[in-house]
Amino acid sequence: MRVDVGAIVENWRFFKKQAPSAAIAAVVKADAYGLGAVQASRALAQAGARVFFTATYGEALAVRRALGEGPQVFVLNGPAADDAGLMHAAKLTPVLNSLAQIKLWDARGPAALHIDTGMNRLGIGPEELAHASVALKGASLALVMSHLACASSVTHEMNALQRTRFIDAATLFPKAPLSLASTAGALIGADYHFDLIRPGIGLYGSGGLDTGNPALSTVATIEA
Ligand SMILES: *Cc1c(COP(=O)(O)O)cnc(C)c1O
């Protein structure tokens with residue numbers, strides 16, 4: 001398989017044009033969807049990307065080592081008992097997905113808060129929000145984020161509902177930047193861009209919509 005990192009950069013620039021008022025992160029989890037997180041991250045950082053999302057501590061450390069201290073590297077799975085201290089030492093930014101992770105992180109450093117606004121069962125649920133905001137008093141929130149459950153269908157009613165829930169929940173964290181959209185969410189419209197968008201699959205050439213995908217650059221070519 002041939003991987004064209006230049007095409008990854010072109011696709012990242014597509015999202016930059018798509019969301020001119022937002023910062024454009026790069027989701028490089030799962031080894032950049034199998035295409036090589038270190039080479040993808042290096043090319044994207046060179047093109048100006050400053051924010052990266054990985055899934056695990058190990059992935060985040062590899063990106064941190066490749067890019068040095070400047071860029072912000074989020075860890076989507078959040079901290080576990082055996083790696084919270086290591087994440088802090090490597091200046092990684094965990095995504096806190098539960099009250100247990102808020103407690104475990106113990107405001108060691110900046111973190112993101114994941115709010116569950118839909119059916120994905122990941123993040124702080126509505127009934128836990130008040131508790132979370134108290135537990136996070138004095139903590140530095142680098143981001144408040146949520147994930148759309150049905151964004152591949154741009155007209156799905158769930159999108160607007162989650163957006164409203166997200167805005168309501170975010171009022172508890174007035175100073176934090178906000179992020180709701182992954183690839184498909186970024187394509188729904190500017191109302192979904194907030195401060196930061198998080199394209200993953202779009203960087204690697206797939207629009208993420210059920211129909212009407214944009215023409216992205218081809219990243220992976222299989223030769224036989
Ligand atoms: C994987 C993931 C993304 C990227 O999603 P794509 O559909 O690949 O763009 C964004 N945010 C979160 C929380 C994710 O887990």
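Values below: all heavy atoms of this structure, side chains included; hydrogens, waters and symmetry mates excluded. As the structure is a computational prediction, the values presented were derived from the model and not from experiment. In listed order, ligands and their atoms are each counted from 1.
At a threshold of 4.0 Å, the pair Lys29-Glu59 does not count as salt-bridged, since none of the basic side-chain nitrogens sits closer than that to a carboxylate oxygen.
Using a 4.0 Å cut-off to heavy atoms of Pro199, the atoms of ligand 1 that qualify are 9 (O). Those atoms of ligand 1 that come under 4.0 Å of a heavy atom in Tyr33, given as number and element, are 1 (C), 4 (C), 5 (O), 6 (P), 8 (O). For ligand 1, the atoms closer than 4.0 angstrom to any heavy atom of Thr183 are 6 (P), 9 (O).
What sits closest to atom 1 (C) of ligand 1 on the protein, heavy atoms only, is Lys29 NZ, 1.4 Å. Among protein heavy atoms, atom 5 (O) of ligand 1 sits closest to Ser182 CB, 3.3 Å.
Judged by distance alone, the side chains of Ser153 and Asp210 never bring a donor and an acceptor atom under 3.5 Å apart. A donor-acceptor pair shorter than 3.5 Å cannot be found between the side chains of Arg198 and Ser182.
With values rounded to the nearest 0.5 angstrom, Ser179 atom OG is found 9.0 Å from Phe194 atom CZ.
Looking at ligand 1, you'll find an N or O of Ile201 within less than 3.5 Å of one of its N or O atoms. Considering backbone and side-chain N/O atoms, Val27 never comes within less than 3.5 Å of an N/O atom of ligand 1.
In terms of modelled atom types and a separation under 3.5 Å, the side chain of His193 and the main chain of Ala186 share a donor-acceptor contact. The main-chain N or O of Leu209 is found under 3.5 Å from a side-chain atom of Asn213 such that the two form a donor-acceptor pair. Panel note: side chain Asp195, backbone Leu178; a donor-acceptor pair is recorded below 3.5 Å.
Counting heavy atoms closer than 4.0 Å to ligand 1, residue Leu76 contributes side-chain atoms (C-beta onward) but none from N, CA, C or O.
Considering only non-hydrogen atoms, atom 4 (C) of ligand 1 lies nearest to Arg198 out of Met145, His114, Arg198.
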